[in-house]
J.: 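This is the structure I have questions about; it appears just below.
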Amino acid sequence: HRLKTRTERYLWALNAAKLWGVEALTNQELVWLTDKLGVGISAGDVAANYRSNYNHGYVNKNAEGKARVLPAGTEHLRSLAAGSVE
């Protein structure tokens, strides 16, 4: 499905990392991953994207300060995928 906003791409990248066995990412790791996956979230945009997802209850940070996706975030991504089927 197509993700329209950087906030959705941020959430997608965290979820992809989780599916690959990485539970949480630092800001630098997230910037690197999104660059490699072609969605390119810049270092300057990471904090705003985190706050937006956090305010919706989709992400939080672990004790080490790394961002991680919550079950609500995974469900939100699934709803986006379901809505894009034509």
Side-chain angles (χ1 to χ4, degrees):
H1 63 279
R2 297 180 192 271
L3 301 173
K4 294 182 173 76
T5 67
R6 286 189 181 124
T7 303
E8 292 169 348
R9 293 176 186 147
Y10 176 95
L11 187 61
W12 176 82
L14 284 178
N15 193 64
K18 184 177 180 179
L19 292 173
W20 294 326
V22 180
E23 288 296 316
L25 297 173
T26 65
N27 289 351
Q28 294 83 7
E29 291 167 338
L30 193 108
V31 168
W32 180 88
L33 178 61
T34 59
D35 182 54
K36 297 302 176 197
L37 295 175
V39 295
I41 297 173
S42 69
D45 290 337
V46 170
N49 287 300
Y50 172 80
R51 276 192 307 276
S52 179
N53 280 302
Y54 177 80
N55 289 338
H56 286 95
Y58 299 151
V59 299
N60 69 8
K61 291 195 176 185
N62 65 13
E64 299 171 341
K66 294 181 176 185
R68 60 185 173 191
V69 66
L70 298 173
T74 301
E75 286 303 314
H76 176 67
L77 288 171
R78 284 188 189 134
S79 73
L80 292 173
S84 69
V85 176
E86 297 178 7

J.: Who are the ring-ring contact (aromatic ring centres under 6.0 Å, His included) partners of Tyr10, not counting sequence neighbours?
T.: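 None.
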J.: Is Lys66 close to Thr26 at the side-chain level, that is, under 4.5 Å between some pair of heavy atoms?
T.: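 Counting from C-beta outward, Thr26 and Lys66 do come under 4.5 Å.
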J.: Got a donor-acceptor contact below 3.5 angstrom from the Ser52 side chain to the Ala48 backbone?
T.: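 Judged by distance alone, no pair lies under 3.5 Å.
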J.: With a 4.5 Å cut-off on side-chain heavy atoms, are Tyr50 and Lys61 touching?
T.: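 Of all side-chain heavy-atom pairs linking Tyr50 with Lys61, at least one is under 4.5 Å.
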J.: Ignoring hydrogens, what is the shortest heavy-atom contact between Asn60 and Arg68? Give both atom names and the distance.
T.: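 Asn60 and Arg68 have their closest heavy atoms at OD1-NE, 2.7 Å.
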J.: Only distances under 3.5 Å count here; give the side-chain donor-acceptor pairs of residues 40-47 to other protein atoms, sequence neighbours excluded, each with its distance to 0.1 Å.
T.:
residue, atom, partner, partner atom, Å
Ser42, OG, Asp45, OD2, 3.2
Asp45, OD2, Arg6, NH1, 3.4

J.: Applying the 4.5 Å side-chain criterion to the ILVMFWY set and letting contacts propagate, would Trp20 and Leu77 be lumped into a single cluster?
T.: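 Trp20 clusters together with Leu77.
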J.: Could you go through the side chain to side chain contact (heavy atoms under 4.5 Å, CB included) check for Leu11 and His76 one step at a time?
T.: CA-CA 9 Å; Leu11 187 61; His76 176 67; 3.8 Å; yes
J.: Please give me the minimum heavy-atom distance between Ala72 and Gly57, naming the atom from each residue.
T.: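 The answer is CB-O, 3.5 Å.
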J.: Below 4.5 Å, heavy atoms only, C-beta onward: do Trp12 and Leu37 meet side chain to side chain?
T.: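 Yes, at least one pair of side-chain atoms sits under 4.5 Å.
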J.: State, to 0.1 Å, how close Asn62 and Ala24 come at their nearest heavy-atom pair, and which atoms those are.
T.: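 Taking Asn62 first and Ala24 second, the nearest heavy atoms are ND2-CB, 3.5 Å.
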J.: Do Val22 and Leu70 belong to the same hydrophobic cluster, where Ile, Leu, Val, Met, Phe, Trp and Tyr are linked whenever their side-chain heavy atoms lie under 4.5 Å apart, directly or via other members?
T.: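 Result: no, two separate clusters.
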J.: OG1 of Thr5 to CG of Leu80: how many Å apart, nearest 0.5 Å?
T.: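 CG of Leu80 is found 8.0 Å from OG1 of Thr5.
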J.: Taking side chain to side chain donor-acceptor pair (under 3.5 Å) as the definition, give me every residue that meets it alongside Asn49, ordered by chain and number, with sequence neighbours left out.
T.: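 Only Thr7 meet the side chain to side chain donor-acceptor pair (under 3.5 Å) criterion with Asn49.
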J.: Is there a side chain to side chain contact (heavy atoms under 4.5 Å, CB included) between Leu14 and Lys18 once you walk through the steps?
T.: CA-CA 6 Å; Leu14 284 178; Lys18 184 177 180 179; over 6 Å; no
